[in-house]
**Student:** 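Okay, here's the structure, questions in a sec.
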Amino acid sequence: MKRTHHCNQLRVEHIGQQVTLTGWVHSRRDLGGIIFVDVRDREGRTQVVFDPSQLPPDVFARAAALRSESVVSVTGLVRRRPPGTENPKLASGEVEVVAQELEVLNAAEVLPFPIDDPAETAKVSEELRLKYRYLDLRRPEMIRNLRVRHKAAAVTRAYMDEQGFIEIETPTLFKSTPEGAREFIVPSRLNPGLFYALPQSPQQFKQILMVAGIEKYFQLARCYRDEDLRADRQPEFTQIDIEMSFVTRDDIYALIEGLLQRIWKEVLGVDIPTPFPRLSFAEAMNRFGTDKPDRRFALELVDLTDTFRHSQFKVFSDAVAAGGVVKAINAKGFSSATQSQVEAMTEMAKAAGMKGLAYIKVEGGQWKSPIVKFFSDGEKATLASKLGIDEGDLILFAAGPWEPVCELLGRLRLYAAQALAQAGMLRIPADQYDFIWIEDFPLLSFDKENNRWYSSHHPFTAPLPEDIPLLRTEPKKVRGQHYDIVVNGIELGGGSIRIHQPELQKLIFEEILQIPPDETKLRFGYMLEAFKYGAPPHGGIALGFDRLVAILCGTQSIRDVIAFPKTAKGTCLMTDSPSTVSPRQLKELHIEVKAPKAGA
RNA sequence: GGGGGUGUAGCUCAAUUGGUUAGAGCGCUGCCCUGUCACGGCAGAGGCUGCGGGUUCGAGCCCCGUCACUCCCGCCA
């Protein structure tokens with residue numbers, strides 16, 4: 001039963017040897033007098049021939065009764081396939097194994113969905129694939145994804161080790177912290193009424209490790225966030241978590257550039273150039289309308305504030321007078337936009353707080369637009385030159401406060417690019433990797449509803465030293481030493497240089513973020529105290545490992561690179577979790593359930 | 001919390017827009033077949049059209065509700 005070779009190993013040099021293969025019945029072709037069975041394991045496939053003239057009847061009968069995905073052990077002789085019957089699609093296609101013995105180790109029932117045809121299986125609903133994940137994972141594509149994931153992890157560990165980093169595990173039973181993502185809560189049996197929280201990141205532990213003198217820490221850390229899911233967001237996920245002492249931003253950039261270069265080289269064989277370009281948050285917003293620009297295509301935002309400052313078109317000039325901006329993008333060639341596409345874009349504008357969507361379609365040499373009649377000849381000329389307007393273009397405008405205007409046009413830019421790409425009018429190369437650093441984020445954002453400032457990143461982010469004096473006077477002008485790494489419009493990770501002075505940290509918590517002193521002490525007291533006993537300046541970063549692997553695998557959803565992912569509602573279709581627990585368990589945990597019984 | 005999409009045979013999809021007995025390919029079962037690799041041929045089984053209500057002479061199709069999956073917004077320090 002023990003295998004002598006795996007199923008992608010046998011070649012012409014093995015001809016004449018007796019071998020044993022173990023694996024799954026990939027497919028059976030029963031020609032009546034002769035039966036072919038492809039045996040598959042994780043490495044590949046080999047054709048086995050059952051010839052009744054050379055076999056005991058019971059062995060042949062077992063072969064005739066084999067079903068797809070039964071697990072078998074086959075012993076036989078390797079021989080060259082007869083001339084003309086070689087299969088060039090199979091790596092082992094020059095040879096075949098002439099069966100002598102067959103043992104069925106586990107007979108499979110009829111499968112809920114086919115897994116032998118990649119094209120067919122790719123169409124099977126994800127719901128079914130998740131319920132029978134063990135079948136889904138048998139597909140070569142899925143095994144490949146898991147291998148890419150493993151390889152990326154292995155390369156990361158090797159690289160970080162070479163760079164002098166120590167991998168340290170931190171608790172997953174942590175403490176609830178205010179602010180930030182919603183947490184998963186774990187009741188404490190030994191401490192009635194008290195709760196742990198699963199960490200949304202090892203942030204505080206890794207900073208404490210810097211105080212502990214570790215200097216260079218990393219971890220492939222599991223993190224948990226009880227927020228709504230997306231194609232690129234799971235409630236539990238993995239990040240490459242890194243922290244270093246005595247560093248500046250440039251040290252982190254160089255480290256990560258080296259890491260990503262190494263991963264891309266060893267996993268994909270692709271050379272990516274370093275250093276990565278850097279873009280300020282302000283410039284990214286101004287040019288791309290997002291803090292994670294996809295620069296593989298143009299369609300950049302153009303500022304028209306000065307052009308329309310004194311325009312007769314009041315919607316624009318009023319917006320400028322109110323301190324806002326006027327911006328536009330030229331969706332080259334998108335005058336072909338359908339009615340429903342224009343409606344979709346108008347909905348996006350309304351969702352962004354605009355009254356509607358101002359646009360110009362350039363068709364038949366005409367500017368077709370409800371608003372162009374309000375423009376002076378000078379304004380039209382400026383538009384034409386600034387936007388490079390040609391036949392077939394679609395110009396989309398937005399006017400109002402800077403940030404919403406940029407964000408709206410950023411979304412419209414992506415929408416137009418996607419539509420143009422689908423129509424074959426724009427090529428967004430999938431094999432191009434545009435890495436970019438975004439930096440100089442505002443340290444603080446204002447929450448109008450609660451009338452208070454909150455951290456754009458997290459409250460441990462250090463302000464730029466020259467901006468510290470502005471903290472009390474002009475908080476919105478303070479830039480943080482925060483940075484994001486972006487590739488092809490995907491936020492791959494982010495980090496910052498941290499605050500290491502307890503006074504400054506206390507000031508941020510209590511004066512800027514308005515967290516009451518007793519609350520600060522309760523939640524972060526141990527950190528503030530730790531910083532009193534010799535805290536080195538430090539900084540770090542975390543990369544979304546699932547996203548990174550998804551990019552390496554060229555897949556849209558991180559579910560494709562996680563062995564057992566959750567659905568959009570956070571359930572596991574295979575194990576049927578979450579589920580109810582027994583009254584006894586609840587009692588031990590001092591928990592009383594008030595929610596109506598879930599639909600079990 | 002909000003918006004969009006999907007749900008018909010084991011799987012992937014049709015069903016002339018409300019009309020007779022809901023079809024096809026693959027898979028499955030049986031028979032035939034000694035060089036197939038998407039094997040082929042013949043025959044057959046297989047349906048609470050996600051679920052519950054409603055409108056109608058009549059509903060897979062229209063309406064209301066609900067469940068599941070999915071995409072997006074909010075949310076994700």
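All chains are named by letter (A, B, ...) in the order of the sequence lines, taking the proteins before the strands, and each is independently numbered beginning at 1.
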**Student:** If you look at every strand shown and take non-hydrogen atoms under 4.0 Å, does Ala119(A) touch a base, only sugar-phosphate, or nothing?
**Tutor:** nothing
**Student:** Is the closest side-chain donor-acceptor distance between Asp440(A) and Tyr483(A) under 3.5 Å?
**Tutor:**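 Note: Asp440(A) and Tyr483(A) side chains miss the donor-acceptor criterion.
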**Student:** Report the relative orientation of the aromatic rings in Phe460(A) and His458(A); use parallel for angles under 30°, tilted for 30 to 60°, perpendicular for over 60°.
**Tutor:** tilted
**Student:** Near RNA chain B, counting only heavy atoms under 4.0 Å, which residues of residues 518-530 of chain A show up?
**Tutor:** none
**Student:** Indicate yes or no: does Glu236(A) engage Arg222(A) in a salt bridge with an N to O separation below 4.0 Å.
**Tutor:**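 Answer for the salt bridge query: yes.
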**Student:** What distance, rounded to whole Å, do you find between the two C1' atoms, one in A45(B) and one in G2(B)?
**Tutor:**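 My reading of the C1' atoms in A45(B) and G2(B) gives 47 Å.
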**Student:** Answer syn or anti for U17(B), where the cut-off is 90° from 0 on the glycosidic torsion.
**Tutor:**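 Syn, angle within 90° of zero.
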**Student:** Polar pairs (N or O, both sides) under 3.5 Å between protein and nucleotides 8-15 of chain B?
**Tutor:**
residue : atom : partner   : partner atom : Å
G10(B)  : O2'  : Pro112(A) : O            : 2.6
U12(B)  : OP1  : Ser125(A) : N            : 2.8
U12(B)  : O2'  : Lys123(A) : NZ           : 3.3

**Student:** Which pairs of donor and acceptor atoms, one on a side chain in residues 31-40 of chain A, lie under 3.5 Å apart (sequence neighbours left out)?
**Tutor:**
residue  : atom : partner  : partner atom : Å
Asp38(A) : OD1  : Arg29(A) : NH2          : 3.0
Arg40(A) : NH1  : His26(A) : ND1          : 3.1
Arg40(A) : NH1  : Glu69(A) : OE2          : 2.8
Arg40(A) : NH2  : Glu69(A) : OE1          : 2.9

**Student:** Could you give the distance from CG (Leu299(A)) to CG (Leu412(A)), rounded to the nearest 0.5 Å?
**Tutor:**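 Rounded to the nearest 0.5 Å, the CG-CG separation comes to 11.0 Å.
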**Student:** Let me know the distance between CZ of Arg67(A) and C1' of C28(B), rounded to the nearest Å.
**Tutor:**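 Whole-Å distance recorded here is 8 Å.
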**Student:** Just to verify, what does Lys123(A) make a salt bridge (charged side-chain N to carboxylate O under 4.0 Å, His left out) with, not counting sequence neighbours?
**Tutor:** Glu120(A)
**Student:** So, using side-chain contact (heavy atoms from CB on, under 4.5 Å) as the criterion, who are the partners of Thr555(A) when residues are at least two apart?
**Tutor:**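 Ala550(A), Cys553(A), Asp560(A), Val561(A).
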**Student:** Please give me every residue in residues 487-499 of chain A whose heavy atoms get under 4.0 Å of an atom in RNA chain B, ordered by residue number.
**Tutor:**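 Result for residues 487-499 of chain A: none.
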**Student:** Who are the ring-ring contact (aromatic ring centres under 6.0 Å, His included) partners of Phe237(A), not counting sequence neighbours?
**Tutor:** none
**Student:** Could you check Pro52(A) against Ser68(A) and say which one's nearest nucleotide on RNA chain B is further toward the 5' end?
**Tutor:**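 Whichever sits nearer the 5' end wins; that is Ser68(A).
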**Student:** Between Phe509(A) and Phe524(A), what is the ring plane arrangement, given parallel below 30°, perpendicular above 60°, and tilted in between?
**Tutor:** parallel
**Student:** What distance, rounded to whole Å, do you find between the two C1' atoms, one in C31(B) and one in C37(B)?
**Tutor:** 23 Å
**Student:** Using a strict threshold of under 4.0 Å (side-chain N to carboxylate O), is an ion pair present between Arg45(A) and Asp116(A)?
**Tutor:** no
**Student:** Would you tabulate the nitrogen or oxygen pairs shorter than 3.5 Å linking the protein to nucleotides 1-7 of chain B?
**Tutor:**
residue : atom : partner   : partner atom : Å
G1(B)   : O6   : Asp228(A) : OD2          : 3.2

**Student:** Would you mind building the protein contact string for nucleotides 35-46 of chain B? One character per nucleotide, 5' to 3', B for base within reach (heavy atoms under 4.0 Å), S for sugar-phosphate only, - for untouched.
**Tutor:** BBBSB-------
**Student:** What residues form a ring-ring contact (aromatic ring centres under 6.0 Å, His included) with Phe446(A), not counting sequence neighbours?
**Tutor:**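 Scan of Phe446(A) (ring-ring contact (aromatic ring centres under 6.0 Å, His included), adjacent residues dropped) gives Trp453(A).
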**Student:** Kindly write out the residues that satisfy side-chain contact (heavy atoms from CB on, under 4.5 Å) with Gln234(A), not counting sequence neighbours, or none if the list is empty.
**Tutor:** Leu229(A), Ile558(A), Arg559(A), Ile562(A), Pro565(A), Lys566(A)
**Student:** Answer with yes or no whether Arg225(A) presents, from its side chain, a donor or acceptor under 3.5 Å of a partner atom in the base of C76(B).
**Tutor:** no
**Student:** Scan residues 555-578 of chain A against RNA chain B and write down, sorted by residue number, each residue with any heavy atom closer than 4.0 Å; if none is found, say none.
**Tutor:** Arg559(A), Thr567(A), Ala568(A), Lys569(A), Thr571(A), Leu573(A)
